[in-house]
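So the structure is just underneath, and the comments pick up after that.
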Protein chains: 2
Amino acid sequence: MCADAHPVICMRAGLRLITGKWKAEIMWSLKDGKRRFGELMRAIPGITQHMLTAQLRDMENHGLVTRTVYAEVPPRVEYELTPVAHDLKPVFEELNRWAEQHAVTLRLGEVDDPEDDGGPRK
Amino acid sequence: MCADAHPVICMRAGLRLITGKWKAEIMWSLKDGKRRFGELMRAIPGITQHMLTAQLRDMENHGLVTRTVYAEVPPRVEYELTPVAHDLKPVFEELNRWAEQHAVTLRLGEVDDPEDDGGPRK
DNA sequence: CAGCATCCCAAAAGATACTG
DNA sequence: CAGTATCTTTTGGGATGCTG
């Protein structure tokens with residue numbers, strides 16, 4: 001279905017699923033269990049409602065998260081990673097290892113957004 | 001320098017370095033050794049000169065490939081992965097494993113480009 | 001609370017033509 | 001051969017306002 005082509009084609013398709021400015025952080029925020037929409041907003045500084053909604057929908061369509069709506073007032077919606085998404089853990093672990101190991105060489109500090117709100121880096 | 005923030009921030013920065021429609025395929029084409037510009041063009045169907053040049057320059061700036069120009073006529077330029085890029089192998093291996101394992105669930109066949117040139121799928 | 005709708009901008013990617 | 005230079009298109013991302 002995919003492996004009949006070069007493996008790299010399959011891989012590239014997979015890579016696209018976890019690509020996007022916020023997907024990694026969303027998954028990171030969900031790795032320990034369910035989270036509500038508002039919790040995610042607060043857990044991910046800088047993201048807008050629009051983007052959070054969009055990326056969650058995207059991930060939902062690709063089977064990476066489940067969305068559960070509770071018929072209550074006020075409304076409550078919970079998101080949770082699927083087993084498939086949890087299976088990505090080794091990928092992220094390897095990536096993290098690589099990124100930290102070569103952070104200096106890669107000048108990772110300069111790669112990402114200059115969204116420095118003036119506050120200290122923690 | 002990067003690990004002082006949440007690990008996910010560092011990882012996201014690293015992820016951006018290998019993100020792009022062609023980077024994975026370029027690295028794949030270079031994994032067994034040096035290649036000339038024209039060889040890469042032929043090895044990566046669909047890529048344009050413009051994009052190949054741009055991505056190679058980008059990767060060069062990030063220390064993922066080296067570019068060697070030979071003063072000959074006709075000109076010859078060879079590209080090669082750096083050790084840092086080779087170190088990405090485990091990441092790609094895990095990603096590939098994940099993608100192939102869940103190809104059906106993720107419907108990876110529908111994710112990527114519909115660049116079906118009319119020929120049969122293999 | 002958890003969104004959707006709308007408009008807008010910037011970055012990524014692609015087409016095409018030209019060159020040392 | 002291995003690129004540059006332009007231009008156009010596509011995509012991703014963001015700001016703001018409204019709503020069940």
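Residue numbers start from 1 in every chain, and the chains themselves are labelled A, B, ... in the order their sequence lines are given, proteins ahead of strands.
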Point to revise | Integer-rounded Å distance: D:dG12 P and A:Glu25 CD | key: 18 Å
Practice item. Quickly work out the B:Arg36 CZ to D:dA2 P distance and round it to whole Å. Key: 4 Å
Exercise for review: Specify the residue among B:Val69 and A:Thr48 whose closest nucleotide of DNA chain D lies further upstream toward the 5′ end.
Suggested key: B:Val69
Check your understanding: Checking B:Glu39 side chain against B:Arg36 main chain: does a donor-acceptor pair fall under 3.5 Å?
Key -> yes
Point to revise | side-chain N/O B:Arg76 vs D:dA2 OP1/OP2, d < 4.0 Å | key: no
Practice item. Would you indicate, yes or no, if C:dC1 has its OP1 or OP2 atom less than 4.0 angstrom from a side-chain nitrogen or oxygen of A:Gln49? Key: no
Point to revise | Distance, rounded to the nearest Å, where A:Ile47 contributes CD1 and D:dT16 contributes P | key: 17 Å
Exercise for review: To the nearest Å, give me how far apart CH2 (B:Trp22) and C1' (C:dA13) are.
Suggested key: 9 Å
Exercise for review: Would you tell me if any nitrogen or oxygen in the side chain of A:Lys21 comes within less than 4.0 Å of OP1 or OP2 on D:dG14?
Suggested key: yes
Point to revise | Nucleotide nearest B:Gln55 when distance is taken to its side chain, options C:dA13, D:dA2, C:dC4 | key: C:dA13
**Study point:** Stepwise side-chain contact (heavy atoms from CB on, under 4.5 Å) test for B:Glu100 and A:Met11
**Key:** CA-CA 8 Å; B:Glu100 296 201 333; A:Met11 206 187 60; over 6 Å; no
Revision key, fill the gap. Judged by nearest nucleotide, the residue sitting upstream toward the 5' end of DNA chain C, A:His50 or A:Arg67, is A:Arg67
Check your understanding: Whole Å only: how far is the CD1 atom of B:Ile44 from the P atom of C:dA13?
Key -> 13 Å
Practice item. Please work out if A:Glu78 contacts a base, only the sugar-phosphate, or nothing of the nucleic acid, heavy-atom cut-off 4.0 Å. Key: nothing
Practice item. Could you tell me the separation between the CE atom of B:Met51 and the P atom of D:dA2, rounded to a whole number of Å? Key: 19 Å
Point to revise | Nearest-Å distance for atom pair CG/P, residues B:Leu15 and D:dG12 | key: 15 Å
Practice item. Determine whether the side chains of A:Tyr79 and A:Arg67 contain a donor N or O and an acceptor N or O closer than 3.5 Å. Key: yes
Practice item. Looking at every strand, decide which applies to A:Tyr79 at a 4.0 Å heavy-atom threshold: base, sugar-phosphate, or nothing. Key: sugar-phosphate
Point to revise | Closest listed nucleotide, where the reference is the side chain of A:Pro74 and the choices are D:dG3, C:dC1, C:dG14 | key: C:dC1
Point to revise | Pairwise side-chain contact, A:Arg35 with A:Glu80, heavy-atom cut-off 4.5 Å (strictly under) | key: no
Exercise for review: Specify the separation, in whole Å, of atom CG of B:Leu40 and atom P of D:dG3.
Suggested key: 10 Å
Point to revise | Check against salt bridge (charged side-chain N to carboxylate O under 4.0 Å, His left out), B:Arg12 and A:Glu25 | key: CA-CA 8 Å; B:Arg12 186 172 68 168; A:Glu25 263 175 270; 2.7 Å; yes
